[in-house]
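Report on the following structure.
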Amino acid sequence: MSGERYNPREMEPRWQKVWDDAKSFVSSNDDPREPYYVLEMFPYPSGRIHMGHVRNYSMGDVVARYYRAKGRNVLHPMGWDAFGLPAENAAIERGMNPATWTRQNIEAMKAQLKSMGLAIDWTREIATCEPEYYRHQQSMFIDMMAAGLVTRKKSKVNWDPIDMTVLANEQVIDGRGWRSGAIVEQRELTQWFFKISDYAEELLEALDGLTEWPEKVRVMQRNWIGKSEGLRLLFELVPGNTTAASVIDVFTTRPDTIFGASFLALSPDHPLTSELAVVNTALTEFVAECHRQGTATETLEKAEKKGVFTGLHVKHPVIEGATLPVYVANFVLMDYGTGAIFGCPAHDQRDLDFARKYDLPVTPVVLPDDADAATFAVANDAYTDAGTIFNSGFLNGLSINDAKKAAAAHFATRSVDGQPQGKVEVNYRLRDWGLSRQRYWGAPIPIIHCEVCGTIPVPKKDLPVVLPDDVSFDKPGNALDHHPTWKHVNCPQCGASARRETDTMDTFVDSSWYFARFTAPDADTPTIPAIANRWLPVDQYIGGVEHAILHLLYSRFFTRAMKATGHVGLDEPFKGLFTQGMVTHETYKSPTGEWVPPTEVLLETSGELRSARHIHSGAPIAIGSVEKMSKSKKNVVDPDEIVATYGADTARWFMLSDSPPERDVQWTEAGVEGASRFQQRIWRLVGETIALTEQSSGTVRNSDDGEAAALRKIVHRAVHNVGGDIEGLRFNRAVAQIYELTNALVRSAGLVSAAPAARIGALQEGVERLIQLLAPMMPHLAETCWEALGKSGLVADAPWPPVDAALLVDDTVTLPIQINGKRRGEITVPKGLPSAEVERLVLSMDEIVRILAGQAPKKIVIVPDRIVNVVV
RNA sequence: GCGGGCGUGGUGGAAUUGGUAGACACAAGGGACUUAAAAUCCCUCGGCGAUAGCCGUGCGGGUUCGAUUCCCGCCGCCCGCACCA
C-alpha cells in the first residue's frame, strides 16, 4: 500500500456506505448518555448546494463528530425548508408542479450532502412542505389561537407587487421586498398575526441570558424590539377649533423638556390629519406628497423637515394661558408611539430644523454644566446632552432624569377629559408578526370563514388541510384562491356552505419550530414534550448572520408560544449560536466588461505579479475584487466539481483552515491544492509509520528515551489543544495545531529509522492520535488511515483520546531576558526556580554581563516562569 | 447620525489574566532529486543595516520594568439600524 497516492474518489463513497450500513450516526431518544444537539440552519432546496453550505455543514460536522467521540449522545439532523416562492416561480416558468420541483431538488441536494460524508442522522429527515410536517403546524396554530396568541386584524401591510404577497416588517429591507427587491407598497388588508409584541419585554430581557450568542446578534435584536420608556401626554385643544376631537395624545421620552415645547406635530397618517384634510386642500396635498415620497427613499435622513399648519391650537400644559400651534409634519411616523409629538426645538435636532423653517420659538430648558444661564442659546445644533433644567418653573434645578420623574408625577395628578393627563408608558418598535401570505406554496392556514359563525378553526380531526395538487398558475396571484373547488367547504359548526382561508403561512413559521420536530420526527403530535425537553435547547446552532433578526427572533417567540400551548417546556430554543462568515472568491472580467467564471480563467504568476487570461481565447482577463460568491458576478465554485476533483475531505479541510469561522473565507485554487497536498502528506506519514513498525516487529516497544518522551508531550499537547479549539469553535487554530503535530511526526519518522525501537512506539501512538484529531475534519481519510494502521472498528466510533495532564506541563521553562524591556537573551531553568536564584543565574551570564558593561541594575523584575526584565 | 466590529509581513491569519510579535498555512525566491516535468525533500522569507545594531502590530500621546493587548485623542475600513419623538 505504501507509495500509492491516497485516492479520495475511491475511498470516500466506500466509507459513506460503511457508516450508512452501521447506522453510525443514528441517534436514539432512549440513549441514557448526556445529549448534545448540534444543528446547522436547514437549507432551502434550491436544487444545488453552494460553498456556503459546505462551510456551514463542515463546521457542524466537526462539532457533531467531536462530541460523539467525547461520549455524548449527539443529535445532528438535516431537513428542508421546502415551502416558498421559488417553487411557484419554477412552476410558472417551466410548468412544473411546485411539489415535484421541490422534491426533485431535495433528492439532488441530499445526494450532494451525502457526498460530503456528513455525520447526519438521515432517519430524522423532514421537509416542511410535506403534510406530515405542516399538519402539526396547523394544529399548533389552532392551539395558539385558543391561547390568544393569534389575531386577525385589518391593518396597513407591506405589499410586494412582484411577488404579489404581503411581507412582514422584518422582510422589508430598505423599503424593498427581501426576495424580489421590489419597492414595497402599503395596503390595507385583513391579515392573520402572531402576537409577538405581547412578548416584547420577555424577548428583550431574555437576551441577557443568551451568553453563548454573538453580541452583534443580541444588539440587533435589542434594537429591533426597540424599547423606549416615556410618557403619554394629553394636550387639550383650545375651544373653537374645527374638529370634534378635544385632545391630542402624544408620546414623549423627554417630558423634562415640556417647558420648551413650541409646537405639536401630527403624522400625515394620523386620523386627525385625515379628518382635517377633508376640508383643507393644502393639507390634502401635503399628505399626498408625503405618500409619494414614501419610506423607500434612502435619503429620508436628509429630507427637509416640512409641515403644514392645521389651524388648530392646544393649551400649553404647564404654561398658563399659552397655546401651541398644531402642524402636520413629514417626519412624524404613525406606527411609532401615538403618531403625534410635541416639538422642543432647543433639544431635538429635527424639531429645531422644523422650528427654524417655520419661525417657531426656541427656548432652551436644559443648561449644560459649564454654560451660563443668562447667555446660553441654541443656534443650529440642538443640545441633547446632560445638564440641569432651567426656564422651567417647578422643574428648575433638577437633573434630566429627576425632571422626567417630576413631570410624570405632575401630569399623573392632573386630569384632562376625565383621565390623567400623563401616563408613564413603555413603547416598543416591535410589531405583531403578520403571517398571511397570498401564495399557494405554503402551509394552509387552517381556518374556515362562515357567514353565520364567523372565522372557525378547522377541527383537529380534519387536519391536515392539504394543498391541492391540481393547481394552475396561468393567472397572477394566489393559485389556491383560483382553484375551482378547494375553497368551497361546509362550516364545521353549522354546516352551511362556507369558504376556506386561501392564505398560506409565511415560511418563517415553518422554520420556527423544525428544530423541535427533529427530536421526534414521527410523532402523532407536534412534539413529544418529554423528549423535546431532553434534547432542547439546541446546544450549538450554526448559520448565517442574515437571520439575526428574522428567523432567530421568530423562533424565540414561537418556542414561547409552544410552551404556552404545552408543546415544549422551555423558552429559548438555541443555547449556543454561531454565525459563520461568507465564502468569497476573486472576480474576473473580460476586456469587454463581462464577468468570467473562475473555471474559464488561467492564472499566471511571475514573481509577485499575477495576471490572467482566458483559458480558450487567451484574451487578457482583469482580476477584480474579492466578493461573496454570486451568480451575478459568476465567481461561484461548484462543490460537486471540487468533490469530484479533490474529494470531500479536501473541501472540508480547506473550509476550516486559515480564516476564523466567523469571518469571510476566500476560496482559492492554491488553498485547495494545499489542502489536497496535506491529505497526501498524512497518507505518506501513515505509510512510513507502518513500514517502520513492520521492520521493528519483535522489539520492545515500551522502553523510552528522551526523543520518545518529547514526542509524547507534543502529541498530548496537540490532543488537548485541538479539543479546546473545537469546543471553542476555533477551527482555524485546531487546523494549525494539527499541522504542527504532523510536522513533528514527519520529522520524527525521518529520524526514527536508525533509532531505538522506543521511538517507533511513540511515533506509532502519535500517528494514531493524529488520525483521531483529524477524524472530525477529514473523516474519510481518517477511516482509511485507521484501517491501514490495523486498528479495529471505525475511528468514527473511537473515543476521543485521553490527555495525560502530567505531560502538559514542562519541568523546565525558557525565560526571555529583557534589558529595559528589550529582549537580549534567554535562559532555561527548572520550573518554579526561586526568583533570587533566577536573578543570580541571569546576572552571571556572560551575555548579560557584556551588555550591562559594568552598569548596576536599578531593578530586576522577575515574573516566575514567565520573563526576566533587568532595568538599568 | 446611532450601535457593533475591525486595523499585525507579499497574502490568510497566530499570540492565556499586559510578558520572546509574526505560530500555522498560502504565495514567492534559491537548491536537491529527475533526460524532463509533476510529486517530494532541504534552505530563505517584516524593513533597514548587515558584526552581538536599529526600527516595526493604522496615526499621535499616556500609564507601566514591560503595551498588538489598558487609557485618551485622531484616521481608515466593514456590518447592522436609520426621521423611533
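Just so it is clear: chains get the letters A, B, ... in the order the sequence lines come, proteins before strands, and each one is counted from 1.
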In whole angstrom, give the distance that lies between atom CD of A/Gln737 and atom C1' of B/rG13.
14 Å
Is it the case that the side chain of A/Arg681 and the backbone of A/Val746 share a donor-acceptor pair, with hydrogens and angles ignored and the cut-off at 3.5 Å?
no
Length of the line joining A/Gln580:CD and B/rC79:P, which is rounded to integer Å
17 Å
Just how far, in rounded Å, is P of B/rC24 from CZ of A/Phe731?
22 Å
Considering residues at least two apart in sequence or located in another chain, which fulfil the side chain to side chain contact (heavy atoms under 4.5 Å, CB included) criterion with A/Thr252?
A/Leu231, A/Arg254, A/Pro255, A/Phe342
Do A/Asn427 and A/Arg232 get their side chains close enough for a donor-acceptor pair, meaning under 3.5 Å?
no
Does the side chain of A/Ser657 get closer than 4.0 angstrom to OP1 or OP2 of B/rG12 through an N or O atom?
no
Contact nearer the 5' end of RNA chain B, comparing A/Ser228 with A/Lys216:
A/Lys216
B/rA52 and B/rU8: how far apart are their C1' atoms, nearest whole angstrom?
28 Å
Can you check the A/Leu815 CG to B/rG19 P distance for me, whole Å?
15 Å
Pick the C1' atom in B/rA82 and in B/rG3, then give their distance to the nearest Å.
10 Å
Toss me the dot-bracket line for RNA chain B: Watson-Crick and G-U wobble, both under 3.5 Å, 5' to 3', using | for pairs to another strand and [ ] for crossers.
(((((((..(((......[....))).(((((.......))))).(((....)))..(((((..]....))))))))))))....
Rounded to whole angstrom, note down the P distance from B/rC71 over to B/rG7.
15 Å
Nearest-Å distance for atom pair CZ/C1', residues A/Arg429 and B/rG3
12 Å
Please give, in whole Å, the distance from B/rG3 C1' to A/Met220 CE?
11 Å
Check every strand shown and say whether A/Asn743 touches a base, only sugar-phosphate, or nothing at a heavy-atom separation below 4.0 Å.
sugar-phosphate
Residues forming a side chain to side chain contact (heavy atoms under 4.5 Å, CB included) with A/Ile867, sequence neighbours excluded
A/Pro816, A/Gln818, A/Val863
Kindly say whether A/Ala382 contributes a backbone atom to a donor-acceptor pair with the side chain of A/Gln349 at under 3.5 angstrom?
yes
Please classify B/rG10 as syn or anti, treating any glycosidic angle within 90° of 0 as syn.
anti
From CD of A/Glu669 over to P of B/rG12, roughly how many Å is that when rounded to an integer?
19 Å
Please report the C-alpha distance between A/Phe263 and A/Tyr358 in whole Å, then the side-chain angles of each, then the deciding distance to 0.1 Å, and finally whether the ring pair (Phe, Tyr, Trp, His ring centres under 6.0 Å) criterion is met.
CA-CA 10 Å; A/Phe263 65 95; A/Tyr358 296 102; 8.8 Å; no
The side chain to side chain contact (heavy atoms under 4.5 Å, CB included) partners of A/Lys216 (sequence neighbours excluded) come to A/Met220, A/Val545
Applying salt bridge (Lys or Arg N to Asp or Glu O under 4.0 Å), name anything that partners A/Asp385, two or more places apart in sequence or on another chain.
none
Within the structure, does a side-chain N or O atom of A/Arg218 lie under 4.0 Å from either OP1 or OP2 of B/rG4?
no
Nearest-Å distance once atom P is located in both B/rG58 and B/rA67
15 Å
Out of B/rA25, B/rA27, B/rA39, which has the shortest distance to the side chain of A/Ala670?
B/rA27
Counting the atoms with a prime plus P, OP1 and OP2 as sugar-phosphate, which does A/Asn427 contact under 4.0 Å by heavy atoms, base, sugar-phosphate, or nothing?
nothing
Test of understanding: with ring-ring contact (aromatic ring centres under 6.0 Å, His included), list the residues that count as partners of A/Phe286, not counting sequence neighbours.
none
If you measure from the P atom in B/rG10 to the same atom in B/rG49, how many Å do you get, rounded?
16 Å
Please determine if a side-chain N or O atom of A/Arg866 lies less than 4.0 Å away from the OP1 or OP2 oxygen of B/rU16.
no
With rounding to whole Å, what would you report as the distance between B/rG9 and B/rU44 at their C1' atoms?
14 Å
Pairs touching residues 347-356 of chain A that satisfy salt bridge (Lys or Arg N to Asp or Glu O under 4.0 Å), sequence neighbours left out
A/Asp348-A/Arg350
Donor-acceptor check, side chain of A/Asp269 to backbone of A/Met334, threshold 3.5 angstrom: yes or no?
no
Using atom P in both nucleotides, what's the gap between B/rU16 and B/rG31 to the nearest angstrom?
40 Å
Each nucleotide N or O in nucleotides 63-74 of chain B that has a protein N or O under 3.5 Å away: list the pair and distance.
unit_1: B/rC65; atom_1: O2'; unit_2: A/Asn869; atom_2: ND2; d: 3.0
unit_1: B/rC65; atom_1: O2; unit_2: A/Asn869; atom_2: ND2; d: 2.6

What contact category does A/Thr252 fall into here, base, sugar-phosphate, or nothing, at under 4.0 angstrom with non-hydrogen atoms?
sugar-phosphate
Keeping the roles fixed (side chain from A/Ser676, backbone from A/Val672), state whether a donor-acceptor pair exists under 3.5 Å.
no
Once salt bridge (Lys or Arg N to Asp or Glu O under 4.0 Å) is applied, what residue pairs with a partner in residues 859-872 of chain A remain, sequence neighbours excluded?
none
Taking only side-chain N and O atoms of A/Arg222, does any of them lie within less than 4.0 angstrom of OP1 or OP2 on B/rG3?
no
Determine the interatomic distance between C1' on B/rU64 and the same-named atom on B/rU69; round to the nearest Å.
13 Å
Would you mind telling me which residue lines up with the more 5' stretch of RNA chain B, A/Trp224 or A/Leu333, judged by nearest nucleotide?
A/Trp224
Could you check whether A/Val665 gets within reach of a base, just the sugar-phosphate, or nothing at all, counting any heavy atom under 4.0 Å?
nothing
Closest heavy-atom pair, A/Val362 versus A/Ala355, reported as atoms and distance to 0.1 Å, is CG2-CB, 4.3 Å
What's the closest nucleotide to the A/Arg823 side chain, out of B/rU20, B/rG3, B/rA14?
B/rU20
Restricting both atoms to N or O, compile the protein contacts to nucleotides 48-59 of chain B shorter than 3.5 Å, with distance only.
unit_1: B/rA52; atom_1: N3; unit_2: A/Arg850; atom_2: NE; d: 3.0
unit_1: B/rA52; atom_1: N3; unit_2: A/Arg850; atom_2: NH2; d: 3.1
unit_1: B/rC54; atom_1: OP2; unit_2: A/Arg824; atom_2: NH2; d: 3.3
unit_1: B/rC55; atom_1: OP2; unit_2: A/Lys822; atom_2: NZ; d: 3.1

Atom-pair distance (CD on A/Glu586; P on B/rG12), nearest Å
12 Å
Listed partners of A/Thr828 passing side chain to side chain contact (heavy atoms under 4.5 Å, CB included), at least two apart:
A/Thr812, A/Thr814
Has A/Asp208 got more than 12 heavy atoms of other residues, nucleotides or ligands less than 6.0 Å from its CG?
yes
Any residue of residues 341-350 of chain A with a heavy atom less than 4.0 Å from an atom of RNA chain B
A/Ile341, A/Arg350
Contact class for A/Tyr739 vs. all strands (heavy atom < 4.0 Å): base, sugar-phosphate, or nothing?
sugar-phosphate
